[in-house]
Number of protein chains: 2
Amino acid sequence: MNTLSYILLCMLVRKPCSGYELKQYLTLFWESHHSQIYTALGKLHEQGYVTVENDATHKQKKIYHLTETGKAIVAEWLVEENKAPSQRDEFLAKVYVIALMDHQQATELLQDRLQHYRKMVKKYEQKTEEYDAITDTIEKERNLGRYLILERRLIMCTAEVEWCVWAQSTIDQLNTN
Amino acid sequence: MNTLSYILLCMLVRKPCSGYELKQYLTLFWESHHSQIYTALGKLHEQGYVTVENDATHKQKKIYHLTETGKAIVAEWLVEENKAPSQRDEFLAKVYVIALMDHQQATELLQDRLQHYRKMVKKYEQKTEEYDAITDTIEKERNLGRYLILERRLIMCTAEVEWCVWAQSTIDQLNTN
DNA sequence: GTACCCATGTAAAGAGTTACATGATTTC
DNA sequence: GAAATCATGTAACTCTTTACATGGGTAC
């Protein structure tokens, strides 16, 4: 059992999902490719942690349900100590050598990033609004975890935007002096 | 040439470094293990992008210097489009199912995270102060990139702290209602 | 009917992690 | 002189990415 498998089981706690759907939700906090998800789901099925249901309307679609054994190992995993989050961001390696770029190149680097994260902020603002619009208490509680993560994403993207603006003003000042 | 190799070359632009030293700097934005760094440096040497100097005082230590060819391929890489940052954070998978935890377990999860990031904030505050203390203009410019990255780290860790506090208050409210 | 998204899968190649292994230097 | 930290390296294993492959459903 690798981390991805535990995460998939976690997500099935909220509701039964297809692999495709899991992929969408996952991108909020865990990079992965469909090839990895489908093979992981296959193994989880073999191991009896999930059951598979063929969707009625979509022939190709498979809906995965968590079994009792699955629930049990998720519960065990939840209390284990967390591995430190891992991040890899090649943009920052470029920032590392920003002092050697000309002002225009440095600006381009920062402005591309800024624009990207501004879009992200808008996207996540919309998504959190969707949650706010939910009136049903049970549905709202079911989505609590997703909402907390979404809100965190929004906060982080906002922080990225603020950093970009600050970094740009910092290099601008050095340029004029 | 993989991304890590380009990043190592980037870092050598600032100043010649040993593999051990590169590892320290790298953790700011790119997770890696020494095994990976030493093998990558070996290949970069074979390819003529770096030269190796044996440190005078430390027999085991090897200092890597960027060659002209090395500089040239870094310059090419700098203008290439950036791959999206990748992040993997299993803590967030646990938050995803927070609605199913009892209040105490959820609190423990969030408070552990909060404490961890409070420590990080302190650590990075100290490091940015070290930069602020630099008076030499040339030295200050040489460290500009590192400073920008450090400041970003600080902003991000502060945002994590704020999110933890907010998330805790959110689940507290649900608990009392 | 065609373009786009939904939906799943396998195989090969590439990258990252863990374990094994060693030894020098500094600090107390 | 013992412990902690500095310092480097190889090998096996695991995980991730990319490429190959296919086909259904929906909107225009």
Side-chain angles (χ1 to χ4, degrees), chain A residues 1-9 11-12 16-27 29-47 50-65 77 81-90 93, chain B residues 1-9 11-12 16-27 29-47 50-65 77 81-90 93:
Chain A
M1 286 287 292
N2 57 20
T3 309
L4 177 63
S5 301
Y6 282 112
I7 290 176
L8 291 172
L9 292 179
M11 306 190 81
L12 292 174
C17 289
S18 67
Y20 190 87
E21 213 175 344
L22 288 167
K23 167 100 175 73
Q24 321 296 312
Y25 293 144
L26 218 49
T27 51
F29 57 92
W30 196 274
E31 299 284 318
S32 59
H33 292 258
H34 71 267
S35 55
Q36 226 182 332
I37 292 169
Y38 293 127
T39 49
L41 285 170
K43 276 180 195 165
L44 289 171
H45 186 214
E46 270 175 39
Q47 291 167 113
V50 296
T51 54
V52 189
E53 172 207 350
N54 285 296
D55 193 85
T57 49
H58 301 258
K59 285 176 202 165
Q60 285 183 115
K61 199 168 168 181
K62 290 179 182 178
I63 315 252
Y64 289 88
H65 296 252
W77 182 70
E81 195 137 344
N82 296 319
K83 279 184 219 147
S86 98
Q87 52 157 11
R88 295 201 168 88
D89 193 344
E90 60 177 62
Chain B
M1 286 286 291
N2 58 21
T3 309
L4 177 63
S5 301
Y6 281 112
I7 291 176
L8 292 173
L9 292 180
M11 306 189 81
L12 291 175
C17 289
S18 68
Y20 190 86
E21 211 176 346
L22 287 167
K23 167 101 176 70
Q24 322 296 312
Y25 293 144
L26 217 51
T27 51
F29 57 92
W30 195 275
E31 299 284 318
S32 60
H33 292 259
H34 72 266
S35 56
Q36 225 182 333
I37 291 169
Y38 292 127
T39 49
L41 285 170
K43 277 181 194 163
L44 289 171
H45 187 214
E46 270 175 39
Q47 291 166 111
V50 296
T51 54
V52 189
E53 171 207 349
N54 285 296
D55 193 87
T57 50
H58 301 258
K59 286 177 203 166
Q60 285 182 116
K61 200 167 166 181
K62 290 181 182 176
I63 316 250
Y64 290 88
H65 295 253
W77 182 70
E81 195 137 345
N82 296 320
K83 279 185 219 146
S86 98
Q87 53 157 9
R88 296 201 167 88
D89 193 344
E90 61 178 61

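This is a predicted model, so every value here is computed, not measured. Chain naming here is simple, since letters A, B, ... match the order of the sequence lines and numbering starts at 1 in each.
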Colleague: Q36(B) CD to dC15(D) P: how many Å, rounded?
Modeller: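 Roughly 15 Å, once rounded to whole Å.
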
Colleague: CG of L22(B) versus P of dA7(D): gap in Å, rounded?
Modeller: 12 Å

Colleague: Please state whether the phosphate of dT17(D), meaning OP1 or OP2, lies under 4.0 angstrom from any side-chain nitrogen or oxygen of H33(A).
Modeller: yes

Colleague: Check the distance between dA7(D)'s P and L41(B)'s CG and give it to me in whole angstrom.
Modeller: 14 Å

Colleague: Begin from the C-alpha positions of W77(B) and E90(A) and carry the test side chain to side chain contact (heavy atoms under 4.5 Å, CB included) through to its verdict.
Modeller: CA-CA 10 Å; W77(B) 182 70; E90(A) 60 177 62; 4.0 Å; yes

Colleague: Both Y38(A) and L4(B) contact DNA chain C. Which one's nearest nucleotide lies toward the 5' end?
Modeller: Y38(A)

Colleague: Is the distance from OP1 or OP2 of dT8(C) to the nearest side-chain N or O of H34(A) less than 4.0 Å?
Modeller: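 False: H34(A) side-chain N/O out of range (4.0 Å or more) of dT8(C) OP1/OP2.
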
Colleague: Let's see if you can work this out: which of dT25(C), dT16(D), dC6(C) has an atom nearest to the side-chain heavy atoms of K59(B)?
Modeller: dT25(C)

Colleague: Both S32(A) and T57(A) contact DNA chain D. Taking the nearest nucleotide for each, which residue is further toward the 5' end?
Modeller: S32(A)

Colleague: Look at the side-chain N and O atoms of N2(B) and state whether any lies under 4.0 Å from the OP1 or OP2 oxygen of dA15(C).
Modeller: yes

Colleague: Could you tell me the separation between the NZ atom of K43(B) and the C1' atom of dG16(C), rounded to a whole number of Å?
Modeller: 12 Å

Colleague: Write down the distance between CD1 (I37(B)) and P (dT17(C)), rounded to a whole number of angstrom.
Modeller: 11 Å

Colleague: Could you tell me the separation between the NZ atom of K23(B) and the P atom of dT5(D), rounded to a whole number of Å?
Modeller: 15 Å

Colleague: Quick check for you: among dT17(C), dA11(C), dA7(D), whose closest atom lies nearest to any side-chain atom of S35(A)?
Modeller: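 Nucleotide nearest to S35(A)'s side chain: dA11(C).
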
Colleague: Expressed as a whole number of angstroms, how long is the span from H58(B):NE2 to dT22(C):P?
Modeller: 23 Å

Colleague: Quick one: is dT16(D) close enough that its OP1 or OP2 comes under 4.0 Å of any side-chain N or O from R88(A)?
Modeller: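 Answer no for this pair, as no side-chain N or O of R88(A) is under 4.0 Å from OP1 or OP2.
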
Colleague: State which of dT10(C), dT8(C), dG16(C) makes the closest approach to the side chain of T39(A).
Modeller: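 Selected nucleotide: dT10(C).
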
Colleague: Would S5(A) and K43(A) count as having a side-chain donor-acceptor pair, cut-off 3.5 Å?
Modeller: no

Colleague: For Q60(B) and dA24(C), is the shortest distance between a side-chain N/O and OP1 or OP2 below 4.0 Å?
Modeller: no

Colleague: One pair to check against side chain to side chain contact (heavy atoms under 4.5 Å, CB included): L8(A) and V50(A). What are the steps and the verdict?
Modeller: CA-CA 10 Å; L8(A) 291 172; V50(A) 296; over 6 Å; no

Colleague: Nearest-nucleotide wise, let me know which of W30(A) and G19(B) is further upstream toward the 5' end of DNA chain D.
Modeller: G19(B)

Colleague: Would you call M11(B) and I7(B) a side-chain contact if the rule is heavy atoms closer than 4.5 Å?
Modeller: yes

Colleague: Can you measure K61(A) atom NZ to dT8(C) atom P for me and round it to whole angstrom units?
Modeller: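 Roughly 7 Å, once rounded to whole Å.
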
Colleague: Please test L26(A) against L4(A) for side chain to side chain contact (heavy atoms under 4.5 Å, CB included), starting from the C-alpha separation and ending with a verdict.
Modeller: CA-CA 10 Å; L26(A) 218 49; L4(A) 177 63; 3.8 Å; yes

